[in-house]
Amino acid sequence: AAKRSGVNNYSFYSSNLYDKIQKRIKIENELEEAIKTKELEVYYQPQVSLKSGIPIGAEALIRWNHPELGTVSPGMFMKVAEESGLIQDIDIFVLKEVTSEIKSFMEKNIKIPISINISDTFFKNKNFLKIIKNEIENSNIDPNLLELELTETIMVENVEMVIKKLDTLKSFGIRLSIDDFGTGYSSLSYLRKFPIDKLKIDMSFIKDLETDKNSQEITSTIIAMAKNMRLKVLAEGVETDFQLNFLKEKSCDEIQGYYFSPPVRLNIFKSFIIK
Ligand code: C2E
Ligand code: MG
Ligand code: MG
Ligand code: MG
């Protein structure tokens with residue numbers, strides 16, 4: 001299409017936009033197909049206790065085994081997935097996969113909590129609570145082994161309604177955490193009203209810990225605040241000794257990051273857990 005750009009600017013820009021739309025439609029169609037044909041796969045990233053140094057949980061993260069592109073990370077398709085609503089199908093797929101793994105771990109007497117990411121779209125779906133409840137009941141898992149990661153964005157809209165939903169989720173016996181904490185606008189006074197169990201400090205603060213005093217202060221403050229509210233606190237994106245030691249010194253509970261392991265296939269994750 002770029003070849004036609006010599007004619008005039010108008011055709012250059014319009015054909016470019018045309019290409020973008022085509023590409024988007026292609027991803028959307030392929031993604032819809034991929035969900036049906038099970039080209040999606042759940043990867044697991046260990047969450048490690050800073051006290052014991054051993055994995056005590058995991059986060060489930062979606063990957064797309066694309067026939068031409070190979071393993072595709074969410075960065076490539078999340079925007080399309082969110083805008084098309086397909087993200088809900090992905091969330092439900094991950095929910096089912098994870099409850100089934102929790103169940104098979106339970107059968108081996110391994111009690112390891114696994115967290116899944118809940119998109120804002122799915123959270124707002126009128127059937128959301130019912131779907132979660134049914135899945136817990138049908139899979140027959142210990143609900144305390146399932147954790148839902150929610151975004152800060154959810155927390156700031158319609159606070160009373162959100163608290164009600166979270167209370168209902170807690171009544172199912174599951175765990176709740178706030179993902180990418182520190183990047184949104186949730187006020188600290190609000191936070192106290194939410195029945196959550198854990199804060200996950202956003203990677204962007206951990207990334208610059210060694211060089212940026214500001215990141216150090218924000219990280220320390222979030223950890224102290226979490227302790228004060230009796231919430232667990234996990235640091236995301238830990239890659240270096242410096243970061244690890246800093247977080248240890250501040251008594252952060254858990255870390256997740258390449259320092260220990262990237263997200264891996266289920267069988268590799270199992271080898272971390274089953275000795
Ligand atoms: P997230 O939930 O904050 O997940 C953490 C992301 O950080 C993951 O990216 C993980 O691979 C990456 N990460 C972990 N440790 C490190 C590290 O040490 N260094 C660096 N540079 N990165 C690290 P991933 O898997 O590409 O996922 C990106 C985002 O896509 C997730 O961020 C989450 O918001 C979304 N996502 C992934 N799977 C799902 C899903 O099943 N449902 C929904 N709704 N969202 C998902
Ligand atoms: Mg997450
Ligand atoms: Mg995160
Ligand atoms: Mg995120």
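Counting starts at 1 for both ligands and their atoms, in listed order.
- For the Mg ion (ligand 2), the N/O/S atoms of E149 include one lying under 2.8 Å.
- Among the backbone and side-chain atoms of N117, an N, O or S atom lies under 2.8 Å from the Mg ion (ligand 2).
- Taking any N or O of E239, backbone or side chain, at least one lies under 3.5 Å from an N or O belonging to ligand 1.
- Of all the atoms in ligand 1, the ones that sit under 4.0 Å from a non-hydrogen atom of D91 are 40 (C), 42 (N), 43 (C), 44 (N).
- Listed by number with element, the atoms of ligand 1 under 4.0 angstrom from any heavy atom of M203 are 7 (O), 13 (N), 16 (C), 20 (C), 22 (N), 23 (C).
- Contacts between S119 and ligand 1, counted as non-hydrogen atom pairs separated by less than 4.0 Å, involve both the backbone and the side chain.
- At least one heavy atom of R63 sits under 4.0 Å from some atom of ligand 1.
- Within the 4.0 Å heavy-atom criterion, the part of V94 lying near ligand 1 is the side chain and not the backbone.
- Residue pairs meeting the salt bridge (charged side-chain N to carboxylate O under 4.0 Å, His left out) criterion with at least one partner in residues 204-231, sequence neighbours excluded, are K227-D253.
- Within the 4.0 Å heavy-atom criterion, the part of Q45 lying near ligand 1 is the side chain and not the backbone.
- Put simply, the angle at the Mg ion (ligand 3) from OE1 in E236 to OD1 in D180 is close to 100°, to the nearest 10°.
- Among the atoms of D179, an N, O or S atom falls under 2.8 Å of the Mg ion (ligand 2).
- Looking at T183, V238, D179, I118, it is D179 that brings a heavy atom closest to atom 2 (O) of ligand 1.
- Taking a cut-off of under 4.0 Å to the non-hydrogen atoms of I87, the atoms of ligand 1 that pass are 43 (C), 44 (N).
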